Amino acid sequence: MPRYDFKKIESRWQQFWEQNQTFQAADCVPGKPKMYVLDMFPYPSGEGLHVGHPEGYTATDIVCRYSRMKGMNVLHPMGWDAFGLPAEEFARQKGIHPRIKTEENISTFRRQLKMLGFSYDWSRELSTTDPDYYRWTQWIFLQIYDTWYDSHCVWTGPDGVQRQGRGRPISELPIPQDVQAAGQDAVRRYQDRHRLAYLSEAPVNWCPELGTVLANEEVIDGRSERGDHPVVRLKLKQWMLRITSYADRLAEELSELSWPESIKYMQRNWIGRSVGAEVDFRIAASEGSFEKWTEGRQAAGFMNEAEADVIRIYTTRPDTLFGVTYMVLAPEHALVDRLTTPERKHAVEEYRQTASLKSDLDRTDLAKGKTGVFTGGYAINPVNGERVPVWIADYVLISYGTGAIMAVPGHDERDYEFAKAFEIPIVQVVAPVGAQAGPADLQTAAFTEYGVAVNSGIWNGTPTADFKISITAELSARGLAREAVNYRLRDWLFSRQRYWGEPFPVWHELDADGNPTGLMRTDSPDSLPVLHPHVEDFKPTGTPEPMLSKAGDDWLYRTDKDGVRLKRETNSMPQWAGSCWYYLRFCDNRNSVNFIDPEKEKYWLPVDLYIGGAEHAVLHLLYSRFWHKVLFDRGHVSHPEPFKRLVNQGMILGENGEKMSKSRGNVVNPERVVEHRGADALRLYEMFMGPLEQVKPWQTSGVEGVYRFLGRVWRMIIDDRAEDVSLDEAVHDIAPTHEQLRLLHRTIRAVTEDIERLAFNTAISRMMEFTNEMTEQTVRPKSVLESFVLLLAPFAPHLAEELWAALGHQQTLAYESWPVSDPAYLVEDTVEVPVQISGKLRGRIVVPAGLSAAELQAFAEADQNVQKYIEGKAVVKVIAVPGRMVNFVVR
RNA sequence: GCCGGAGUGGCGAAAUGGCAGACGCGCCGGAUUCAAAAUCCGGUAGGUGUAAAAACCUGUGUGGGUUCGAGUCCCACCUCCGGUACCA
């Protein structure tokens with residue numbers, strides 16, 4: 001084999017690894033530190049692998065191969081996130097079952113990944129679409145369904161940390177007396193209202209084109225994230241997961257994680273915790289006097305649910321209560337009818353009608369101009385007894401806070417804009433302090449910053465922060481307000497209407513007439529999985545009626561032991577479900593009695609390194625953490641967080657610097673690169689392009705560069721003119737020179753440090769430097785080359801194995817010890833030190849290493865060029881840093 | 001609008017506050033060859049200067065600042081990329 005024949009080499013070693021199961025991980029190996037390195041598993045699309053995939057996958061593969069050589073027990077699995085719309089869309093067009101297309105796609109992906117020589121333990125492969133996998137997805141759903149959140153529970157978890165708030169079995173939910181008294185059905189309904197998985201009828205994002213509802217997270221500017229189709233709001237009964245119960249823990253426990261700050265920040269923002277107050281405004285037209293009502297409240301205190309004639313608002317600025325000039329209810333608010341006067345009825349109805357038809361897109365589009373109508377009704381401001389007009393407007397959302405606000409146009413931009421549009425008075429109650437002290441100019445804009453209170457009666461002069469606290473306390477004491485916390489995060493809309501997703505393991509009870517009673521039963525855990533029914537065609541129903549309702553009666557109905565007729569839940573789970581817990585199943589993918597063996601969970605978890613794209617910053621990573629915490633609370637996992645360290649690889653752009661896409665015609669096909677230059681060259685190039693986390697453009701000529709480097713490595717060791725693979729005549733089994741050892745150990749140190757930092761681009765540069773220098777040597781000691789081949793192995797494993805064998809080794813190098821750099825070879829005899837005059841570089845001196853500052857200065861002064869600059873000048877100061885530099889400050 | 005991140009040769013990029021541009025691509029010159037491919041060697045920030053050197057000047061988006069010394073730290077601004085947007 002004269003030339004570097006990557007085709008032969010790569011297929012040989014891929015076969016070798018497969019036959020010898022080189023990378024199969026053993027569970028729970030005593031005495032070896034474990035290392036769980038995970039890639040975000042791909043959706044196996046029909047397009048096949050994209051160059052973005054091998055970027056993260058190569059990075060993790062390098063870490064894994066390196067860690068094995070460092071003596072760690074490495075878990076490095078791969079699987080498929082294979083439920084989802086595209087396979088179903090294909091089925092709809094071609095009439096082929098989604099499972100068939102899915103399996104075909106998986107085969108392509110598997111073949112392409114194997115072609116790249118990643119050291120996955122393929123015996124742990126799984127797909128979210130395997131009945132044996134989604135059996136446990138359904139099981140976890142049942143766990144969530146069986147859980148309620150006890151926000152008062154203080155407890156200590158297996159991690160030894162004390163927390164407040166815990167997901168507990170629904171059977172432990174305290175049932176109030178009156179509910180208990182109302183009978184068994186009432187108790188069941190009460191429980192159902194407290195479960196972490198519950199049915200709710202609420203306006204949802206319905207996408208007619210995709211034939212499904214979407215989560216808030218999947219809707220961008222009123223259009224679907226997938227496919228960019230319009231989304232409208234529709235009131236439907238849907239499954240929700242109570243992720244908001246975990247909002248605080250999801251936000252707080254981020255701080256322990258080694259994740260990019262930007263991702264943590266995005267998650268915190270998404271959760272959007274805000275602290276403020278709920279304040280009650282009584283409707284002016286209510287029965288009885290306002291004074292009487294406040295006296296009653298003073299005695300009874302703040303009520304959990306306000307009376308039917310009270311508008312409860314949420315505000316983060318209770319200090320601006322004296323500046324309230326109007327109030328706004330969301331158009332869907334329950335009190336609108338009560339407030340609306342007969343003469344305003346027509347306008348209000350009309351507005352509500354238009355608002356309900358508006359999709360989020362329309363609402364955003366019209367964001368420039370605020371709309372709304374006056375209801376004709378008034379409420380009383382609890383701080384000063386003033387009558388405040390009540391409006392409805394769609395800039396107030398029914399789904400946030402209480403769905404009602406007090407409007408303070410002087411100190412809130414949105415209220416300001418609205419007040420300007422409808423000529424509502426603007427009152428200043430906060431004055432700026434500090435540099436910009438003086439009256440704020442409310443002619444052009446609201447003043448939203450903190451300051452001191454004005455026009456606020458006895459509170460005048462109170463700083464904003466103090467005022468917020470004291471007014472809340474005062475109103476609380478009078479039973480008119482309470483401190484409140486709100487989240488931007490909403491409960492997770494968890495049902496879809498499509499076929500190709502996990503069916504819910506839930507049944508609805510039917511009454512004698514075949515109508516649902518609202519009570520539910522679940523499939524027993526040991527009867528799982530609930531398989532998909534046979535369906536003839538995959539056209540969406542065109543209505544919000546789920547695809548699974550097309551199933552036959554034998555799937556849809558059954559009669560329980562007690563004679564109750566049941567209808568199956570026909571929604572399916574979203575694609576996020578399967579990806580929420582796959583990292584757990586990889587530890588124990590064949591277990592048929594448990595979703596994961598507790599011992600294996602304790603051993604492998606948490607994931608030590610998780611690499612994937614930043615596009616999953618909030619969705620997948622937040623959902624996963626949520627499920628994990630529920631499982632943690634219920635005692636099924638022993639760590640509070642699934643992913644200890646997260647790294648986002650940067651996107652690879654096309655050669656023109658634009659995002660790769662078919663329409664731009666700049667897509668690079670990794671399979672073609674492998675055909676021409678080999679897997680090692682592709683892997684090496686993707687790592688050499690630049691820092692892992694950085695966005696970087698593809699350069700075909702760059703692939704050539706690393707390919708040439710691999711050729712040089714080959715020729716450094718192998719005689720490329722010989723008939724068979726034999727060592728080059730320069731390679732000798734002799735003791736290396738000191739210089740050669742220094743070169744080697746410098747390289748070992750640099751490459752090791754760079755891998756630890758995931759700085760693969762510079763690691764490769766160092767190996768290039770080694771090769772350039774070693775190739776010049778006419779005598780190349782075998783031992784030095786052997787160490788070098790081990791350094792190269794994580795990056796270009798096929799070539800390294802081939803060279804390792806050529807150097808006379810019988811076994812794979814996958815478990816050889818990683819070379820250690822000996823500091824003895826790193827000490828230099830002499831160093832070159834720059835000399836500056838007043839900070840400008842004026843010379844370089846070569847001096848013995850280890851000089852003191854004074855000695856170094858003496859050497860520097862002796863330098864001719866330096867002399868020239870010092871002569872006749874006064875040396876004011878000399879800075880000499882041993883081994884680094886000398887600087888003479890002259891005047 | 002707000003919040004992140006980034007601006008360094010022709011290009012991808014290096015650089016614990018201490019020699020800016022390592023390494024690779026491209027380009028130029030040379031060797032090898034009948035010729036080419038492949039390979040190998042040398043050069044390559046811009047400028048002044050020189051027979052050639054030496055030497056000097058200017059350079060890390062722009063303008064200021066801190067420091068003996070700034071690509072790196074601080075302030076302001078510009079541009080690009082990403083996220084987010086009525087959340088009261």
Side-chain angles (χ1 to χ4, degrees), chain A residues 3 220-221 260-263 265-266 269-270 272-274 276 313-317 320 327-328 330 360 363-364 366-368 370 393-397 399-408 411-415 417-418 486-490 614-615 617-618 648 650-651 653 655 657 659 684-685 688-691 693-706 708-709 711-712 715 720 750 759 761-769 771-772 775-776 832-844 864-865 868 876-881 883-890:
Chain A
R3 293 265 176 93
I220 295 162
D221 287 340
E261 280 309 313
S262 60
I263 302 283
Y265 182 85
M266 281 164 70
N269 258 349
W270 191 265
R273 183 179 201 265
S274 81
I313 60 96
Y314 172 72
T315 179
T316 55
R317 292 294 299 273
T320 59
M327 296 176 78
V328 185
D360 284 357
R363 285 197 176 196
T364 325
L366 296 174
K368 297 285 178 287
K370 294 249 180 311
D394 66 3
Y395 83 91
V396 172
L397 309 174
S399 50
Y400 185 78
T402 59
I405 62 156
M406 64 180 211
V408 186
H411 307 285
D412 180 281
E413 280 172 30
R414 296 149 301 180
D415 298 344
E417 204 186 313
F418 190 85
N486 262 300
Y487 302 93
R488 207 188 85 107
L489 182 72
R490 307 292 151 80
E615 65 273 17
V618 278
N648 295 119
M651 208 194 327
L653 305 174
E655 214 145 3
K659 217 172 186 165
L684 209 61
Y685 172 63
F688 187 63
M689 291 174 82
E693 302 186 52
Q694 192 170 302
V695 178
K696 38 206 179 280
W698 184 270
Q699 278 190 310
T700 300
S701 56
V703 184
E704 291 302 304
V706 295
R708 264 181 259 179
F709 163 66
R712 280 206 303 280
R715 289 188 301 275
D720 70 338
N761 54 331
T762 48
I764 293 166
S765 309
R766 302 313 287 260
M767 291 191 284
M768 287 173 168
E769 284 175 306
T771 307
N772 291 344
T775 306
E776 285 171 19
E832 198 189 63
V833 171
V835 183
Q836 300 177 343
I837 309 293
S838 298
K840 278 195 187 290
L841 181 71
R842 293 301 178 192
R844 284 158 202 181
Q864 284 219 334
N865 205 34
K868 206 170 78 187
V876 183
K877 194 174 173 187
V878 180
I879 297 112
V881 183
R884 305 292 307 185
M885 50 76 65
V886 186
N887 187 9
F888 295 91
V889 186
V890 299

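Chain A is the first sequence line, chain B the second, and so forth, proteins listed ahead of strands; every chain is numbered from 1. Source: prediction; values computed, not measured.
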Output yes when A:Glu832 and A:Arg844 qualify as a salt bridge under the 4.0 Å nitrogen-oxygen rule, no when they do not.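 Not counted as a salt bridge, because no side-chain N and carboxylate O are separated by less than 4.0 Å.
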Just how far is it from atom CG of A:Asp412 to atom CD of A:Glu417, taken to the nearest 0.5 Å?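 If I round to the nearest 0.5 Å, the distance is 10.0 Å.
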At what distance, to the nearest 0.5 angstrom, does CD1 of A:Ile405 lie from CZ of A:Arg317?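 Going from the CD1 atom of A:Ile405 to the CZ atom of A:Arg317 covers 14.0 Å.
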Using only side-chain N and O atoms of [X], determine if any of them is under 4.0 Å from OP1 or OP2 of [N].
X: A:Arg708; N: B:C40; result: no
X: A:Thr762; N: B:A22; result: no
X: A:Lys840; N: B:U58; result: yes

[N]: pairing nucleotide in any strand, Watson-Crick or G-U under 3.5 angstrom:
N: B:U58; value: B:A45
N: B:A20; value: none
N: B:C25; value: B:G10

Could you check how far CZ of A:Arg842 sits from P of B:G18, rounded to whole Å?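 One finds 20 Å between P of B:G18 and CZ of A:Arg842, rounded.
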How are the rings of A:Phe418 and A:Tyr395 set to each other: parallel, tilted or perpendicular (split at 30° and 60°)?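 Geometry flag for A:Tyr395 against A:Phe418: tilted rings.
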Keeping the roles fixed (side chain from A:Tyr685, backbone from A:Gln699), state whether a donor-acceptor pair exists under 3.5 Å.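 Judged by distance alone, yes, a pair lies under 3.5 Å.
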What does the B/S/- profile of nucleotides 63-73 of chain B look like, 5' to 3', with a 4.0 Å heavy-atom cutoff to protein? -----B-----
Reading RNA chain B from 5' onward, which residue's closest nucleotide shows up sooner: A:Met651 or A:Arg844?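 The answer here is A:Arg844.
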